[in-house]
Amino acid sequence: MNEKYNFSEIEKKWQNYWEENQCFKTEEDDSKKKYYCLEMFPYPSGKLHMGHVRNYSIGDVIARFKKMDGYNVLHPMGWDSFGLPAENAAIKHGIHPNIWTWDNIAEMRSQLKQLGLSYDWSREVATCHPDYYKWMQWIFIQFYKRGLAYKKENPVNWCPSCQTVLANEQVVDGCCERCKSPVGKKNLSQWYLKITDYADRLLENLDTLDGWPNKVKIMQKNWIGKSIGAEVDFKIKDSDEILTVFTTRVDTIYGTTYMVLAPEYPSVLSMVEGTEYEKPVKEYIEKVEHMNDIERTSTTNEKTGVFIGKYAINPFTKKEIPIYISDYVLMGYGTGAVMGVPAHDQRDFDFATKFGIDIIPVVDPGDPEIDLNNLKAACAAEGTLINSGEFNGMNNRVAIDKFIELVEKEGIGKKTTNYRLRDWLISRQRYWGTPIPMIYCEDCGWVPEKEENLPVMLPTDVEFTGKGESPLTTSKTFGNTVCPVCGKPAKREMDTMDTFLDSSWYFLRYCDPKNTNAPFDPKKAEYWMNVDQYIGGVEHAILHLMYSRFFQMAFYDMGLVKDEEPFRNLLTQGMVNKDGKKMSKSLGNVVSPEEIIKKYGADTARLFILFAAPPERELDWSDAGVEGSYRFLNRVYRLVYEIKAKYPEVPGAFEIKTEADKSLNYMLNFAIKKVSEDVGGRFSFNTAISSIMELVNEMYKYKESDEVNVGLLGKAVKDLILILSPFVPHICEEMWEHIGQKESVTVMRWPEYDESALVKDTVEIVVQINGKVKEKIMVASDADKQSLEKIALENEKIKALLEGKSVIKVVAVPGRLINIVVK
RNA sequence: GCCGGAGUGGCGGAAUUGGCAGACGCACAGGACUUAAAAUCCUGCGAUCCUUACCGAUCGUACCGGUUCGACCCCGGUCUCCGGCACCA
C-alpha cells in the first residue's frame with residue numbers, strides 16, 4: 001500500500017484477485033442459510049448509465065453484507081438481450097442484431113466488473129442465447145398445453161413506427177411506451193397469454209407481499225381493476241334479441257333512460273340493416289374506427305353517438321328506452337353494453353344532456369343544496385332510493401344486493417366481476433426475439449413444435465427493412481416445415497415473443513443456469529427461491545413485476561416452484577437526476593459512469609451514490625458531493641496508513657481505561673450496530689455511511705490524544721475496514737492487506753458489537769419548563785423518575801426560573817428528559 | 001376527476017416507538033501550515049433580537065386549527081409539487 005490513495009491501481013488489483021480466486025462463486029449448501037439478492041438485469045444498450053450504477057451498488061452492498069453475515073449468497077447478473085434497439089441498429093447501420101448485442105454485452109460486462117460488483121459470473125444468462133430461449137419456447141408450449149396460450153383475432157394496439165403490435169401495458173397515454181408514437185388499432189390474429197385467469201390471485205396475493213412498497217401494490221391493484229357488479233338483461237322491443245349490460249350501480253336501474261352500445265358491438269349492423277338508420281350508424285362506426293386511442297379516450301371531447309332506431313325495455317320501469325351507439329362505451333370491457341343513468345353518472349349525464357334524454361333521479365342524498373329535479377351534474381353520492389317502486393326508502397348501497405337477488409330470482413341477471421386487466425398480447429412482428437414455437441398445418445391447425453426439436457432457431461438469412469411483416473418472413477429457410485402431428489408440409493409462426501416473457505423467469509434460470517434438460521431443476525429452485533431481495537426501478541411496477549408474478553403462479557400450478565410469489569421483498573430505487581432534471585442527451589446533462597470511475601474510481605462513485613440520498617428517493621447528481629466522497633475515502637486511507645506507520649504492532653488484548661478509550665469504544669460499537677441495522681434491516685445506506693464518518697472523525701481525534709491505547713485503536717481500524725467494505729470494497733481490501741491480514745475481506749465475518757460498550761455511566765438529560773428546553777444536566781444513566789425530578793428541581797438555574805410560579809406537574813422520562821409544567 | 005406519496009437551513013439529507021429539530025456531508029466564511037497555490041488541519045455556519053463580548057431571549061419542520069406535560073411525527077382542513085390510473089359503466 002502506497003502512502004497515496006491510487007484508486008485505479010487498487011481497483012484493478014482487487015478485481016483481478018476476486019476473479020482469479022472466484023470469490024463470489026456460489027453453490028447450493030444446505031448447511032448455510034441462503035440469501036438470494038437480485039437486481040433487475042439490464043438491456044445491453046452498450047453503455048452503463050447512473051441508474052444502473054445506483055441499482056447495482058445497492059444490490060452489491062446488500063449481497064456483500066449478507067455474505068459477511070454468514071449467508072450463502074446468490075448474486076447473479078445477466079442480460080435482457082432481445083429487443084428492438086438491436087434490430088433498429090441493424091436497419092440503420094447494417095450490423096446483424098446478434099453481433100451488435102454480443103458486442104454490447106461484452107462492453108457492459110466489462111463496465112460492471114469495473115464497478116467491483118460481487119456477481120457470480122459463472123451463472124450469467126443472456127435471453128438471446130439459444131440455451132435460454134430454448135426453454136422460453138418450452139415454457140410457451142407448456143402454457144399452450146395448459147390452455148394459457150391461445151391465438152385470436154382481435155383489434156390490437158399497433159405502433160406504426162415500431163411496426164409491431166403492443167400489449168396494453170406497453171401503451172402509455174395512447175402512445176407506444178418505447179417510441180412515443182400514437183398507437184392505432186388493427187384487426188390481427190395474434191397470440192395471447194391468459195393472464196386474466198390469474199387476475200384474482202394476482203390481486204389477492206398482493207396483500208401477502210409485506211416486503212413490497214405500498215405504492216407498487218396499489219399500482220398493480222389499479223391495473224388489475226377489479227369491480228364487482230351485475231349483468232342485467234334488457235329485452236329489445238319487437239324483437240327476440242336481448243342486450244346484457246354490466247353495471248356496478250344496479251341500484252340506479254330505475255333511473256335508466258337509455259342504453260348505449262360500443263360501436264363495435266356485434267349485432268349493431270344487423271339491427272339497423274335495411275332501415276333509415278343504417279347509413280348514419282355505418283358512418284359513425286367508420287369514423288370511430290379511424291380514431292387512435294388518444295382521440296377516442298379523451299375525456300375533454302364532447303360526447304358523440306347515434307340513435308340506432310331501436311328501443312329496449314327497462315326491466316324494472318317497463319318503459320321503452322332508446323338505444324344508441326357511442327364511442328365512450330368500450331367493447332373490451334364488461335359486455336360492451338351500458339345502461340344510461342344520467343342522474344347518477346357524469347358520462348351519462350353529458351350524453352343525455354346533449355341528446356335530450358330524460359334525467360330521472362333515483363337516489364336522494366338528502367343534501368339541501370342539490371335540486372334533484374334540476375340537476376346541474378350527475379350525483380354519485382350515497383342516499384335513499386326514490387322513484388324506484390318497491391325499493392323506495394331503502395339505502396342505495398344496501399339495495400344493490402337486493403336488486404341482484406331479485407334479478408337472479410327472475411333469471412334476468414346475475415352478480416358478476418369484471419377486471420380492467422386484459423389478456424397479454426405477446427406476438428411481435430419483429431426479428432430479434434424468441435420465435436414462437438408454433439406450427440400451422442392445414443389439417444391439424446395450430447400445433448406446437450416437438451419438444452425434442454427445440455430450440456426453434458432464429459434464422460440468420462433475413463432482411464431488415466423496418467417495414468411490413470415480421471422479418472422472419474424474408475428467410476428462405478425458416479417458414480417451411482412439417483406438421484409435428486401428421487407430417488405434412490406446414491408453416492411456422494413468423495412472429496416472435498414480447499421480450500417481457502424472457503424477463504419473467506430469468507430469476508429461476510439463475511438458480512440452475514446450465515441445465516440442458518429443463519429450464520431449471522425444481523430442487524435447486526427450491527433451495528434458492530424466493531428472491532430474498534429484489535431491487536430495481538419503479539418503472540417496472542406494473543409490466544415486469546406483474547408478468548413475473550403471473551409466470552411464477554403458472555409454474556406453481558405446474559409444480560415447478562413452491563411459492564406462488566417470486567419476490568417477497570422489493571426495493572424500488574429512485575431515479576438519478578442532474579440539476580433537478582432527468583439525465584438525458586437532449587438536455588446535455590448526462591454524467592457517464594465511465595468518466596466518474598476514471599476520475600475518482602468505482603469506490604467513490606459507489607459511496608457517493610449510496611450516501612447522497614435514501615435508495616427509494618430521487619437522487620440529484622452533485623459534482624461537489626462526489627468530491628466530498630472522494631475526500632472521505634482519502635481521509636480513511638490516510639488514517640489507516642498513519643496508524644499502521646506509527647503503531648506497526650497491535651496487541652491482541654486491551655483494556656478500556658481512560659474516558660477517551662470509553663468514548664472511542666462507544667463510537668466503534670455504535671457504528672457497528674448502526675451499520676448492521678441500517679444495511680441489514682431498513683436499507684438506509686446514507687445514515688450507515690454517516691455513522692462510519694463519525695467513527696472516522698472520532699478515530700482521528702483519538703489517535704492524536706496523549707494516551708493512545710494501541711490495542712483498542714487497532715481493533716477500531718479492523719472493524720472500520722470491515723463495516724466499510726460492503727460499500728467500497730476495493731479500498732478496504734487494500735487497507736485490510738496493509739494492516740497484515742492474509743485473507744480477503746470478502747471471507748471475513750461481520751463484526752459483532754458489544755452491547756455493554758453502548759451503556760453509558762452518565763447521560764445528558766434535558767430539563768424543560770412547559771415543553772421548552774431550559775437546562776441540560778448530566779445524571780447517572782440509571783437514575784429513576786423520582787431522583788430525576790429531585791435533581792431537576794434542585795438545579796440552581798431551574799430554581800431561579802421557577803421563582804414565583806407554581807409547579808402543576810412534573811413529567812420525567814428516564815434517559816431522556818424532565819418536563820416541569822408550571823402556571 | 002379518482003388513488004397514492006412528498007413538503008425540514010444556501011443545498012443533499014438526519015431525527016427508527018410522540019421526548020434536545022437540523023446528525024453526516026456539500027457550499028460558504030475565518031484561521032493555521034506554505035515563498036505561493038493545491039492538499040490537509042482547526043473554527044464558525046436556521047432566522048430575528050439583545051450584547052463591546054461572553055451570556056442570553058424569541059421564533060422556526062408548506063399553511064390553518066386540534067389532541068397532548070410535550071407534535072417534523074397523531075387527528076381535521078387548506079395549498080403546492082411528484083407519481084399512477086382515467087369515458088372501465
Side-chain angles (χ1 to χ4, degrees), chain A residues 4 172-173 213-223 225-227 229 245-250 252 260 262 296-301 303 326-330 332-341 344-348 350-351 380 418-422 538-539 541-542 574-575 607-608 611-614 616-629 631-632 634-635 638 674 677-678 681-682 684 686-697 700 704 764-776 808-813 815-822:
Chain A
K4 218 177 150 280
V172 178
D173 296 331
N214 227 359
K215 174 194 167 96
V216 175
K217 289 198 271 189
I218 287 165
M219 280 165 74
Q220 290 208 359
K221 205 174 191 166
N222 290 341
W223 189 262
K226 180 176 182 170
S227 57
V245 300
F246 172 72
T247 177
T248 55
R249 291 293 307 275
V250 65
T252 62
V260 222
R296 176 150 178 191
T297 58
S298 167
T299 42
T300 53
N301 276 358
K303 294 274 175 295
S326 172
D327 62 355
Y328 83 88
V329 176
L330 309 172
Y333 184 80
T335 59
V338 170
M339 61 184 218
V341 187
H344 304 291
D345 181 286
Q346 190 57 44
R347 295 156 301 181
D348 297 348
D350 295 342
F351 191 86
N418 260 303
Y419 298 91
R420 219 187 66 102
L421 183 72
R422 307 291 151 80
V538 74
E539 66 274 17
I542 295 172
M575 294 223 300
L607 186 71
F608 168 72
F611 179 61
E616 55 307 323
R617 220 178 298 184
E618 288 198 343
L619 182 154
D620 207 68
W621 187 268
S622 143
D623 293 330
V626 179
E627 287 279 355
S629 294
R631 263 205 297 272
F632 172 70
N634 273 287
R635 198 167 143 79
R638 270 198 315 276
K674 177 91 178 142
E677 288 171 358
D678 284 358
R682 52 180 208 144
S684 178
N686 53 334
T687 53
I689 293 166
S690 79
S691 69
I692 298 176
M693 286 172 168
E694 283 178 276
L695 172 63
V696 168
N697 292 343
Y700 261 100
E704 297 306 324
E764 192 182 66
I765 293 281
V766 167
V767 184
Q768 300 178 329
I769 294 178
N770 287 347
K772 297 205 193 302
V773 180
K774 294 295 175 186
E775 177 70 317
K776 293 174 182 182
I808 297 167
K809 188 177 175 183
V810 178
V811 182
V813 184
R816 292 204 188 269
L817 54 65
I818 301 145
N819 189 13
I820 304 166
V821 187
V822 300

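Protein chains get the first letters and strands the later ones, always in sequence-line order, with residue 1 at the start of each. Predicted model only: the values in this text are computed from it and were never measured.
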- Query: With a non-hydrogen cut-off below 4.0 angstrom, is A:Ser622 in contact with a base, only sugar-phosphate, or nothing?
  - Reply: nothing
- request: Could you check whether A:Val329 gets within reach of a base, just the sugar-phosphate, or nothing at all, counting any heavy atom under 4.0 Å?
  value: base
Is the shortest side-chain N/O distance from A:Arg420 to OP1 or OP2 of B:rA86 below 4.0 Å?
yes
Answer yes or no: does a side-chain N or O of A:Asn697 lie under 4.0 Å from OP1 or OP2 of B:rA23? no
B:rG4 -> Watson-Crick or G-U wobble partner, both distances under 3.5 Å, gives B:rC82
Assert: residue with more 5' nearest nucleotide on RNA chain B, out of A:Met219 and A:Val821, is A:Val821
B:rA14 -> Watson-Crick or G-U wobble partner, both distances under 3.5 Å, gives none
Among B:rA15, B:rC24, B:rC20, the one nearest any side-chain atom of A:Arg682 is B:rA15
Main chain of A:Arg635, side chain of A:Tyr700: is a donor-acceptor contact present, judged purely on distance under 3.5 Å? yes
Can a side chain N or O of A:Asn686 be found less than 4.0 Å away from OP1 or OP2 on B:rA14?
yes
A:Phe608 CZ to B:rG25 P, in whole Å, measures 15 Å
Atom CG of A:Asn214 and atom C1' of B:rG84 are separated, to the nearest Å, by 13 Å
Checklist entry - Hey, does A:Phe351 reach any base, or is it just sugar-phosphate, or nothing, if we go heavy atoms under 4.0 Å? => result nothing
From the candidates B:rC24, B:rG84, B:rA89, the one with an atom nearest any side-chain atom of A:Ile542 is B:rG84
B:rA38 -> Watson-Crick or G-U wobble partner, both distances under 3.5 Å, gives none
Is A:Tyr328 close enough to B:rA89 that one of its side-chain N or O atoms is under 4.0 Å from OP1 or OP2 there?
no
(message) Please confirm whether the shortest side-chain N or O distance from A:Arg631 to OP1 or OP2 of B:rC26 is below 4.0 Å.
(response) yes
For A:Gly225, answer base if it contacts any base atom (sugar-phosphate contacts may also be present), sugar-phosphate if it contacts only those atoms, and nothing otherwise; contact means non-hydrogen atoms under 4.0 Å. nothing
In whole angstroms, the gap separating P of B:rC2 from NZ of A:Lys226 amounts to 24 Å
Whole-Å distance, A:Arg816 CZ to B:rA15 P, equals 14 Å
Exercise for review: Give a yes/no on whether any side-chain N or O of A:Arg638 is located under 4.0 angstrom from OP1 or OP2 of B:rA39.
Suggested key: no
Using Watson-Crick geometry (N1-N3 plus N6-O4 or O6-N4) or G-U wobble (N1-O2, O6-N3), each under 3.5 Å, B:rA27 is paired with none
The reported gap from CD1 in A:Ile765 to NZ in A:Lys776 (rounded to nearest 0.5 angstrom) is 12.0 Å
dist A:Lys772:NZ -> A:Ile820:CD1 (nearest 0.5 Å) comes out at 15.0 Å
More than 12 non-hydrogen atoms from neighbouring residues, nucleotides or ligands closer than 6.0 Å to NZ on A:Lys221, yes or no? no
Query raised in the report: Does any donor-acceptor pair link the side chain of A:Lys809 with the base of B:rC69 at a separation under 3.5 Å?
Result: no
Q. Taking only N and O in the side chain of A:Lys215, is any of them less than 4.0 Å away from OP1 or OP2 of B:rG5?
A. no
Side-chain donor or acceptor of A:Lys303 under 3.5 Å from a matching atom on the base of B:rC87? yes
A:Asp678 CG to B:rA23 C1', in whole Å, measures 12 Å
Judged by nearest nucleotide, the residue sitting upstream toward the 5' end of RNA chain B, A:Asn819 or A:Val172, is A:Asn819
Would you tell me if any nitrogen or oxygen in the side chain of A:Ser227 comes within less than 4.0 Å of OP1 or OP2 on B:rA89? yes
### Query
Counting any heavy atom closer than 4.0 Å, what does A:Glu618 reach on the DNA or RNA strands: base, sugar-phosphate only, or nothing?
sugar-phosphate
By the Watson-Crick or G-U definition, both distances under 3.5 Å, B:rU52 is matched with none
Mate of B:rC59 across any strand shown (Watson-Crick or G-U wobble, both atom pairs under 3.5 Å) is B:rG46
Categorize A:Glu627 for me: base, sugar-phosphate, or nothing, with a 4.0 angstrom heavy-atom threshold over every strand shown.
nothing
In whole angstroms, the gap separating C1' of B:rC87 from CD of A:Gln346 amounts to 11 Å
Rounding to 0.5 Å, atoms NZ (A:Lys226) and CG (A:Asn418) come to a distance of 11.0 Å
Quiz item: What is the ring orientation for A:Tyr333 with A:Phe246, classed by angle as parallel under 30°, tilted 30 to 60°, or perpendicular over 60°?
Solution: perpendicular
Any sub-3.5 Å donor-acceptor pair from A:Asp678's side-chain atoms to A:Asn686's backbone N or O? no
To the nearest angstrom, the CD-P distance between A:Glu764 and B:rC20 comes to 12 Å
The nucleotide from B:rC24, B:rG13, B:rU16 with an atom nearest the side chain of A:Arg617 is B:rG13
In Watson-Crick or G-U wobble terms, with both distances under 3.5 Å, the base opposite B:rA71 is none
Which part of the nucleic acid, if any, lies within reach of A:Lys772 when heavy atoms closer than 4.0 Å are counted: base, sugar-phosphate only, or nothing? sugar-phosphate
